[in-house]
Amino acid sequence: MDDVTPYYAAVQRILYGVTCDTMRMFSAQTTDADRVKFMGGLECVRGIFDVTPPSSDKSGAESTREREVGNESYQQREYAQALSHYNRSVLLAPLATKGVSQELVLALGNRSAALYQLQRYRECLADVELAVRHRYPTALAYKLFDRKGRCLMALGRTNEASAAFLKVCELLGLSNLDANRRQALRESTARQIDACALSPDDNEGISGLHGVGNNRHLPSVSGNRSRVFANASDAFDLKFSPDCGRFVTASRDVRVGEFVLVEKPYASVLDCKHYDTRCFHCFVAVDVPVPCTNCARVRYCSETCRKASWDAYHARECRFLPVLLASGTGNLSLLTLRLMLVTGLRRLLKHNATPNTGSVFTDAGGCYRGGYGAVYNLVTQTQYRTPNTLLQYTILALFITETLRKMDFFGGDDVSGSDDRISRVGGAILRFLQIVSCNGVEVMQLDVQPQILRSTPERIGLALYATAALVNHSCNPAMEVIFYGDACAMRATCNTASSDELTIDYGYLYYSTTREERHKFLSEQYFFECLCDACVNNWGVKSALPGGSIPPLKCVRCQHRLSLTQREGKDPTKVKCRKCALVQNPLAYLDRLQESTAAVEKTLQTAKATSPVDAIPALERHVTLMDKYVMPPWRDYVTYTSTLKQCYRMLGNVKVKQTSATSMTS
């Protein structure tokens, strides 16, 4: 019983009060809003959830202690260890009511010194800018500008460096240094100014803001952009059928390696175990964090992300985040709450009053709007859920609704005229709990190992994408989902002909799990039976697939399997396709495959000394050739395709190695 969270203890008390008659009446409710209103009216539910936020975890004393420990490491020239302690000092430092925090500015100043010693000049410049903005002590400010000038010199930005050194001369007059020391610094600074004049300026035009260089380059879609889907290429086309519902097909031939879709989420939440290593807002790796102004729990890659987070959701969420994490309800409830905060009460109520239930949420010009209307109209699968499951979701919706009420989401009007609004928002919450459960996408990173095929993907968060959610599953997918921060990119891993379906996998692949395992998961989580080729023909797992040096071949015109005994005439090298009658030379196909295999193996060996991603072009050529000649399933096809996928993943999120000194949640 000690392991039961306060939320689940409350759920148990609610379930004790639910009778058979209660369940019958609950089952008779036909809308999500009615379900929430009915359960919220029960005596056993009223006032049961305690959503009281704790006091702030910021601490000036702890910030000072961490800074002093960092100073000891700095004096021992253990600059990386000093940086870890200065990071903690920055995160713990409270922000004073007037925006001035002695602990924060001193932590930033000291961290900039460690960054300078580590030759991380751009990040050092960012900390100098932040410290100045937060009113670093005037008597010490000359140190910051001297450090700024040295960083700019190292970056070749000599004109800016000269201006920084001139500022040092000005600030020395406001320092507490004795006359001799002040004069010595003036002379050394004058020499720095002279050195700037003798060096050409190589201004890179790069801002000193944190986050520059942290975010991996977000790719663009291949070819032309779609006129209908803003985040997709012109190869992305949406269809509808009674059997499959919405599904995406290729409007033109798609080649291996093409980016078909690149999309930022409508909303996302970072797993709490990654708060110490990734930006709370965009998920990029962070080891020089910008702190939240109100809590020490989360961190950001830049002030831009901090402001975007605060304006969109964190201003309300910040104080209550410990309560939500302690509830044990996981990312499902966190993302659903985030969806409500990002959308806002006005838009929720407006859309709830006039919902668009069309097959695709488009504007007058036929363009896919995305946004709230699109995610609201994603499938819920309510019709397949049992009354007990819907009851559990409804109770969770009431908990989230109460949390929003405590956040003042409803404008402080807790009595007059608010019951209807609260039940309508509660209904939207219940709907989104179901939407997220079968449309939410786990954001991943790759834990890179020396042997690339042993590298494993790990979850770092959960997100909801308006366009990506339209793509169906296959156990033998046409595309791989790669994550860059919290953005997802769908990249082709095989050649797809025009009008064929473009698919991804929902976490299960035919060559890694049995058909029974896949169908059980897909049926329980997504309520459908997969009818891809791998399932219909029951292709085995990788170890059971056919292998060897001679793969099964297919006709290059109709894709039908070639029979090597169906010879044409007296030429022993020629065979005729049984389906389309095309005469072709399978020995030539085998020779090309053998040559390509040797070339890609040589490239992979060479890439071991540099980076596996250097092998991507060779892998793409080889997979393209196999697509043309080989009839799947074949073991080597799986091996090379899997290697290509791993290389693609290495261009996205990779695991961040964490040191104990940087952890704020351990």
Side-chain angles (χ1 to χ4, degrees), residues 222-223 235 249-258 260 474-480 491-503 509-511 531-540 542 544-604 615-645:
S222 302
T249 64
S251 60
R252 58 167 174 79
D253 291 347
V254 176
R255 301 184 306 277
V256 173
E258 283 196 41
V260 178
S474 171
C475 302
N476 182 34
M479 302 183 294
E480 178 69 13
R491 194 168 190 182
T493 53
C494 67
N495 294 309
T496 303
S498 177
S499 78
D500 284 353
E501 187 171 7
L502 290 168
T503 54
L509 296 162
Y510 78 88
Y511 53 79
L531 298 175
C532 70
D533 287 345
C535 287
V536 170
N537 297 305
N538 197 19
W539 295 354
K542 183 179 178 180
L545 294 179
S549 59
I550 302 179
L553 300 177
K554 64 183 177 182
C555 174
V556 294
R557 183 161 69 187
C558 72
Q559 313 300 304
H560 190 70
R561 183 164 186 154
L562 283 180
S563 172
L564 300 184
T565 61
Q566 192 75 18
R567 294 180 179 175
E568 176 62 15
K570 296 181 180 180
D571 189 342
T573 65
K574 300 293 178 65
V575 298
K576 180 190 287 186
C577 175
R578 291 176 176 177
K579 185 176 181 181
C580 71
L582 178 69
V583 177
Q584 44 207 306
N585 184 351
L587 294 180
Y589 300 167
L590 292 173
D591 286 343
R592 290 169 196 163
L593 286 167
Q594 188 175 19
E595 290 173 5
S596 180
T597 300
V600 77
E601 284 296 331
K602 182 178 180 180
T603 302
L604 285 170
I616 286 177
L619 283 164
E620 288 177 340
R621 289 192 295 270
H622 190 53
V623 170
T624 297
L625 202 65
M626 288 192 294
D627 266 348
K628 184 177 181 179
Y629 296 134
V630 177
M631 172 65 75
W634 187 46
R635 194 182 306 153
D636 281 1
Y637 183 91
V638 170
T639 297
Y640 289 113
T641 305
S642 299
T643 304
L644 179 60
K645 289 179 180 180

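Atoms considered below: every heavy atom in the structure, side chains included; atoms not considered: hydrogens, waters and symmetry mates. Just so we're clear, the structure is a prediction, and the values are computed from it rather than from any experiment.
- In this model, a donor atom of one side chain and an acceptor atom of the other lie less than 3.5 Å apart for Y637 and D627.
- Here the side chains of V638 and P633 are not in contact, with every heavy-atom distance at 4.5 Å or above.
- Around atom CD of Q559, more than 12 heavy atoms belonging to other residues, nucleotides or ligands sit under 6.0 Å away.
- Remark: the D571 side chain and the T573 side chain contain an N/O donor-acceptor pair separated by less than 3.5 Å.
- Closest heavy-atom contact between K554 and Y589: O-CE1, 4.4 Å.
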Test side chain to side chain contact (heavy atoms under 4.5 Å, CB included) applied to L553 and R561, step by step: CA-CA 6 Å; L553 300 177; R561 183 164 186 154; over 6 Å; no
Derivation of the side-chain hydrogen bond (donor to acceptor under 3.5 Å, both in side chains) call for Y511 and N476: CA-CA 9 Å; Y511 53 79; N476 182 34; over 6 Å; no
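- Using a 4.5 Å heavy-atom threshold, the side chains of Q584 and V556 count as touching.
- Counting heavy atoms of neighbouring residues, nucleotides and ligands inside a 6.0 Å radius, atom NZ of K542 exceeds 12 of them.
- A distance of 7.0 Å separates CG of L604 from OH of Y640, quoted to the nearest 0.5 Å.
- Between R255 and T624 there is no side-chain heavy-atom pair separated by less than 4.5 Å.
- The NE2 atom of H622 sits 3.5 Å away from atom OG1 of T597, with the distance rounded to the nearest 0.5 Å.
- Taking OG of S474 as the start and CG of D533 as the end, the distance is 7.5 Å to the nearest 0.5 Å.
- Within 6.0 Å of atom CG in L587, more than 12 heavy atoms from other residues, nucleotides or ligands are found, so the atom counts as buried in its surroundings.
- At least one donor-acceptor pair under 3.5 Å links the side chain of T639 to the backbone N or O of R635.
- Here NZ of K628 is found 10.0 Å from CG of N495. Values are rounded to the nearest 0.5 Å.
- The minimum heavy-atom distance linking T641 with T493 is given by the pair CG2-O, 4.1 Å.
- A 4.5 Å side-chain heavy-atom check between S563 and R578 finds at least one atom pair inside the cut-off.
- Taken to the nearest 0.5 Å, the CD atom of E620 stands 5.5 Å off from the CG atom of L644.
- Residues passing the side chain to side chain donor-acceptor pair (under 3.5 Å) test with E595: none are found, sequence neighbours excluded.
- For the residue pair E258 and D253, the shortest heavy atom distance occurs at OE2-O, 4.0 Å.
- The shortest heavy-atom contact between R557 and A581 is NH2-C, 4.5 Å.
- No side-chain heavy atom of S498 sits less than 4.5 Å from a side-chain heavy atom of D500.
- Using a 4.5 Å heavy-atom cutoff, the side chains of L593 and L625 are in contact.
- Residues S499 and T249 have side chains not in contact (no heavy-atom distance under 4.5 Å, counting atoms from C-beta outward).
- K645 and P477 get closest at one heavy-atom pair: NZ-CG, 4.2 Å.
- Using a 4.5 Å cut-off on side-chain heavy atoms (C-beta onward), L582 and K576 make no contact.
- Annotation for G540 and L545: closest pair O-CD2, 3.4 Å, computed over non-hydrogen atoms.
- Put simply, CG on L509 and SG on C532 are 10.0 Å apart, with the number rounded to the nearest 0.5 Å.
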